[in-house]
Protein chains: 2
Amino acid sequence: MNDVARAAGVSLKTVSNVLNDYEFIRPATKQKVLDAIAELGYEANLTARSLRSGKSRMLGLVLSDLSVPYYAELASRLMSIATGRGYRVLVEQSGAEAAHELSALQGPFRQLTDGLLFTPLALDAGTIAARQGTKPIVMLGEHITDPRFDLVTMKNSEAAAAITAHLLAGGRRRIAVLGAAAGDTTDSPGLRLNGYKQALEAAGVEFDPALVVQCDWRRDGGASAVVGLARSGVRFDAVFGLNDAIALGAMHELLIRGIKVPDDVAVAGFDDIDEARFASPSLTTVSPGMEEIAERSIKLLIDRIEGAEPAAGGVHVEAGFELKVRDSAP
Amino acid sequence: MNDVARAAGVSLKTVSNVLNDYEFIRPATKQKVLDAIAELGYEANLTARSLRSGKSRMLGLVLSDLSVPYYAELASRLMSIATGRGYRVLVEQSGAEAAHELSALQGPFRQLTDGLLFTPLALDAGTIAARQGTKPIVMLGEHITDPRFDLVTMKNSEAAAAITAHLLAGGRRRIAVLGAAAGDTTDSPGLRLNGYKQALEAAGVEFDPALVVQCDWRRDGGASAVVGLARSGVRFDAVFGLNDAIALGAMHELLIRGIKVPDDVAVAGFDDIDEARFASPSLTTVSPGMEEIAERSIKLLIDRIEGAEPAAGGVHVEAGFELKVRDSAP
DNA sequence: CGCCAACTCTATAACGTTGTATATCCTGTG
DNA sequence: CACAGGATATACAACGTTATAGAGTTGGCG
């Protein structure tokens with residue numbers, strides 16, 4: 001910047017002013033500076049700017065694992081949207097472990113970013129509140145529902161109820177739910193299970209805890225849940241995977257066992273990841289409005305970062321959902 | 001740091017020295033400083049360190065789109081490995097567009113990182129060489145083969161030949177290739193197509209250009225390629241998707257059309273993404289040693305960053321591969 | 001006892017930017 | 001024609017760290 005100033009015959013600060021669109025600069029001066037910048041190929045040093053301003057124009061994104069398709073798709077959109085707003089996204093994988101989540105919340109990662117998009121899975125609201133620091137945080141997902149925080153979530157119960165109702169409307173009465181424990185009432189598993197129960201009740205179908213199978217929210221989780229169901233001899237005519245990965249893994253296992261989908265057993269998922277459309281048969285699922293979640297959460301976070309207003313209590317955003325009826329449960 | 005120095009009764013620089021494991025520090029002094037740090041909850045400011053040292057301990061990763069499963073899985077592993085080496089990974093999506101790749105190569109993104117893991121898809125070697133700057137770059141993928149660069153690749157031809165040979169061994173003679181143009185000889189499509197041709201030749205089967213179908217490297221690309229094949233009336237008894245997404249999309253379309261996999265048509269892919277195992281039927285594919293690619297490329301890049309040695313010509317790493325025989329082509 | 005060399009610590013000056021306070025230049029008005 | 005007051009540009013300090021050079025402080029050895 002010194003060189004530019006010398007080349008343009010102005011002071012250091014004038015160059016800085018040009019770069020920052022300071023109001024009172026004579027067009028001629030501005031042009032001289034811009035010419036010098038172009039000629040020297042000067043680019044402002046972001047680190048120094050960051051040190052001086054205390055801002056990095058980076059947003060932190062904490063999620064369990066980027067190789068999970070839902071998170072990969074979410075991260076991709078968040079990054080694109082942030083770019084449009086002049087921010088970058090720095091991703092941190094927590095592996096859903098409390099220690100990692102805590103270090104993302106407090107450690108160097110936090111220092112590097114102006115605000116956090118946080119998908120906590122292990123930490124509780126109290127711990128987070130105690131260590132949240134001063135920079136803005138927007139919570140993604142359902143693990144935290146404490147109204148003190150800014151929250152961006154999806155309509156878990158409603159969407160789960162809608163897809164369950166769809167299965168019921170198709171004549172299914174024994175709908176296995178994969179990915180929750182029968183007693184769950186919170187977090188994504190609990191909320192989605194609640195929606196399932198509500199839909200059953202609305203249809204006058206009795207809830208059978210034997211149809212609720214806990215498993216990892218991954219393809220192999222869904223597969224082994226089906227193995228477990230088969231082994232236990234429980235009868236079922238539909239499977240509702242609490243996310244698409246579970247549903248796809250379950251469907252895989254069903255087909256291997258010669259069970260026809262959807263003729264013998266209908267399969268439904270949750271998330272509408274890209275893969276769902278191209279599964280065989282294509283997967284009926286519910287799209288939780290990822291685009292809306294991505295846009296609203298970035299906007300909310302950046303508004304907090306740039307806004308003068310002191311966090312006026314938590315804002316709660318709930319994205320809409322859309323049922324995607326496909327071949328696995330027509 | 002000033003506060004720590006005051007609390008410990010030493011100079012600023014001594015605190016810095018403790019933090020940087022400077023050799024000549026009396027244990028007692030060191031302890032005093034560490035105590036003061038613990039008591040005050042001090043954490044070093046990374047931005048200032050970065051400004052002073054010229055290093056950010058961040059690696060840049062440029063890829064087309066994080067929502068592509070192969071890239072998501074790669075990014076996830078790269079990040080984990082980098083973390084173990086004390087580095088972070090900052091991801092930039094290029095959308096495979098030259099302008100974006102160029103700005104990742106030259107713009108602020110480059111400034112923020114100590115080195116680049118670059119998956120160019122649009123830029124050519126000359127352009128990159130002309131604008132590569134002074135910080136290390138490791139090329140991923142096959143688009144660039146110029147030996148001046150550090151390259152980490154996979155055995156595209158060999159792996160494609162191996163999987164083609166597997167299809168041939170299964171009695172298939174009319175193997176459609178999806179994802180390349182008949183004349184391709186470079187990049188991933190060309191190299192994999194070459195492997196296919198070599199395997200055909202080795203088996204004495206004639207190459208039929210009508211079996212080579214160009215398509216996007218995505219699920220819908222594979223699906224529409226099958227539509228095209230069916231429309232053109234070309235006979236085929238196997239499909240080799242040049243990546244798993246194509247193969248899965250193609251398989252989906254085949255099944256929709258009542259074509260049995262693998263009885264009527266065998267299907268094989270390339271990449272061994274997680275999804276391949278759980279497709280129905282599970283997808284025969286080739287695993288290109290992603291773990292090895294991730295580890296070697298990080299190591300190579302960090303060695304370049306930290307190494308005193310001036311880039312001693314390009315290092316070329318080729319990861320091994322492994323055939324994964326599953327149900328879609330037993 | 002004196003002196004060299006190794007050890008331990010410190011004062012100062014950067015890294016490149018921007019905020020604050022201040023200086024200088026206009027322009028139009030009374 | 002002086003001068004108020006906005007417009008324009010500048011000097012200086014500061015953000016928090018580390019490199020450099022050098023100042024004490026030991027201890028060993030002749």
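Labels below follow one simple rule: chain letters A, B, ... track the order of the sequence lines, proteins then strands, and each chain is numbered from 1.
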Under 4.0 Å between a Lys/Arg side-chain N and an Asp/Glu carboxylate O for B:Glu92 and A:Arg88?
yes

Walk along DNA chain C from 5' to 3' and tell me the first and last nucleotide with an atom closer than 4.0 Å to a non-hydrogen atom of chain B.
C:dC7 to C:dG16

Is B:Asn17 near enough to D:dT18 that one of its side-chain N or O atoms lies under 4.0 angstrom from OP1 or OP2?
no

Under 3.5 Å: donor-acceptor pair, side chain of B:Asp150, backbone of B:Val315
yes

Quick one: list whatever passes side-chain contact (heavy atoms from CB on, under 4.5 Å) with A:Asn17, sequence neighbours left out.
A:Lys13, A:Tyr22, A:Ile25

Output one line per pair: protein atom, nucleotide atom from nucleotides 20-28 of chain D, and distance, for all N/O pairs under 3.5 Å.
none

B:Ser76 and A:Asp65 side chains, donor-acceptor separation under 3.5 Å
yes

Which residue lies more 5' along DNA chain D, comparing A:Leu51 with B:Ser53 via nearest heavy atoms
A:Leu51

If you find the nucleotide of DNA chain D closest to A:Thr14 and the one closest to A:Phe24, which residue's nucleotide is nearer the 5' end?
A:Phe24

Interatomic distance where CZ belongs to A:Arg52 and C1' belongs to D:dT17 [whole Å]:
15 Å

Ignoring hydrogens and angles, does a donor from either the side chain of B:Arg49 or the base of D:dT17 sit under 3.5 Å from an acceptor on the other?
no

For A:Arg131, check salt bridge (charged side-chain N to carboxylate O under 4.0 Å, His left out) against everything at least two apart and list the hits.
none

Partners passing salt bridge (charged side-chain N to carboxylate O under 4.0 Å, His left out) against A:Asp35 (at least two apart in sequence or in another chain)
none

Counting the atoms with a prime plus P, OP1 and OP2 as sugar-phosphate, which does B:Leu12 contact under 4.0 Å by heavy atoms, base, sugar-phosphate, or nothing?
base

Measure from CD on A:Gln111 to P on D:dG16 and round the result to the nearest Å.
10 Å

In whole Å, I'd like the distance from the CG atom of B:Asn2 to the C1' atom of D:dA14.
12 Å

Is the closest side-chain donor-acceptor distance between A:Ser11 and A:Thr14 under 3.5 Å?
yes

List the atom pairs, with distances to 0.1 Å, where a side-chain N or O of residues 98-115 of chain B and a protein N or O form a donor-acceptor pair under 3.5 Å, not counting sequence neighbours.
unit_1, atom_1, unit_2, atom_2, d
B:His100, ND1, B:Ser94, O, 3.1
B:Glu101, OE1, B:Ala122, N, 3.1
B:Glu101, OE1, B:Leu123, N, 2.9
B:Glu101, OE2, B:Leu121, N, 2.7
B:Glu101, OE2, B:Ala122, N, 3.2
B:Ser103, OG, B:His100, O, 3.1
B:Arg110, NH1, B:Leu105, O, 3.0
B:Arg110, NH1, B:Gln132, O, 2.7
B:Arg110, NH2, B:Gln132, O, 3.0
B:Arg110, NH2, B:Lys135, O, 2.7
B:Gln111, OE1, A:Leu46, N, 2.6
B:Gln111, NE2, A:Ala44, O, 3.0
B:Thr113, OG1, B:Phe109, O, 3.3
B:Thr113, OG1, B:Arg110, O, 3.2
B:Asp114, OD1, B:Ser56, N, 2.8
B:Asp114, OD1, B:Ser56, OG, 3.2
B:Asp114, OD2, B:Ser56, N, 3.1
B:Asp114, OD2, B:Arg57, N, 2.7

